[in-house]
Amino acid sequence: PTIAPAPGATAPTRDPAETVARFYSLVAAHRFDEAAALWTSRMRREYPPAGNIDGRFAKTTRIDIQALDIRSQSLAGRSAVVYVDLIEYRESEAPRRYRGTWDMVLSGSGWLMDEPHF
């Protein structure tokens, strides 16, 4: 099912899978600054959002999440790995399917995305 952006603040949720779902709903809605706020500062340095979010998702019209699962979480609860299987729809292009994982880090404000593995 398609995950619609939740109204209100963009602070990461306390569930790492919900943060991943929120990220994809924000990029599909072209709310790129809010989506970038769900990345760690390290992630934003290594993958500048202007090209890796704004440019990458500019032609995205919809993202359907097929599966979303917390694969692992550290004993201390400060890191997690979230699996995602999604279909991205873009202007004038065939849908693309992506499967992979996100490394997640718990910050003071909630879960943030730290490294993609697709």
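Just so you know, these numbers use all the heavy atoms, side chains as well, and skip hydrogens, waters and symmetry mates. One-based numbering along the sequence shown.
Checking side-chain atoms of R44 against main-chain N and O of W39 turns up a donor-acceptor pair under 3.5 Å. No donor-acceptor pair closer than 3.5 Å links the side chain of S79 to the backbone N or O of M104.
Here D54 does not pair with R56 in a salt bridge; the nearest charged N to carboxylate O distance is not below 4.0 Å. Taking the charged nitrogens against the carboxylate oxygens, R31 and D33 have no contact shorter than 4.0 Å, which rules out a salt bridge.
The hydrophobic cluster containing I87 also includes Y89, under a criterion of side-chain heavy atoms closer than 4.5 Å among ILVMFWY residues, counted directly or through chains of members.
Not counting sequence neighbours, the partners of R90 by the salt bridge (charged side-chain N to carboxylate O under 4.0 Å, His left out) test are E88, E93. In terms of the salt bridge (charged side-chain N to carboxylate O under 4.0 Å, His left out) criterion, R45 has no residue partners (sequence neighbours excluded). For R78, there are no side-chain hydrogen bond (donor to acceptor under 3.5 Å, both in side chains) partners at least two apart in sequence or on another chain. For the side-chain contact (heavy atoms from CB on, under 4.5 Å) test, residues two or more places apart in sequence or in another chain that qualify with D85 are Q66, A67, Y83, R97, R99. Taking the side-chain hydrogen bond (donor to acceptor under 3.5 Å, both in side chains) definition, one finds that T101 meets it with nothing, sequence neighbours left out.
Here the rule is side chain to side chain contact (heavy atoms under 4.5 Å, CB included) with V27, and of I63, L38, T60 only I63 fits it.
A single hydrophobic cluster is not seen to contain both L106 and V81; linkage of ILVMFWY side chains at heavy-atom distances under 4.5 Å, directly or through other members, places them apart.
Rounding to the nearest 0.5 Å gives a distance of 13.0 Å between CG of L112 and CG of D103. Between I65 atom CD1 and S25 atom OG the span is 7.5 Å, to the nearest 0.5 Å.
Counting heavy atoms from C-beta on, the side chains of I70 and D15 come closer than 4.5 Å. By the 4.5 Å heavy-atom criterion applied to side chains, V105 and W111 are not counted as neighbours. Inter-residue side-chain proximity for Y47 and P116 is flagged as met; some heavy-atom pair is nearer than 4.5 Å. Taking 4.5 Å as the limit, some side-chain heavy atom of F23 sits within range of a side-chain heavy atom of M113.
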For F32 and L26, what are the C-alpha separation, side-chain angles and deciding distance, and is it a side-chain contact (heavy atoms from CB on, under 4.5 Å)?
CA-CA 7 Å; F32 301 135; L26 288 168; over 6 Å; no
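Contact record, A17 with L68: O-CD2, 3.3 Å, taken as the closest heavy-atom pair.
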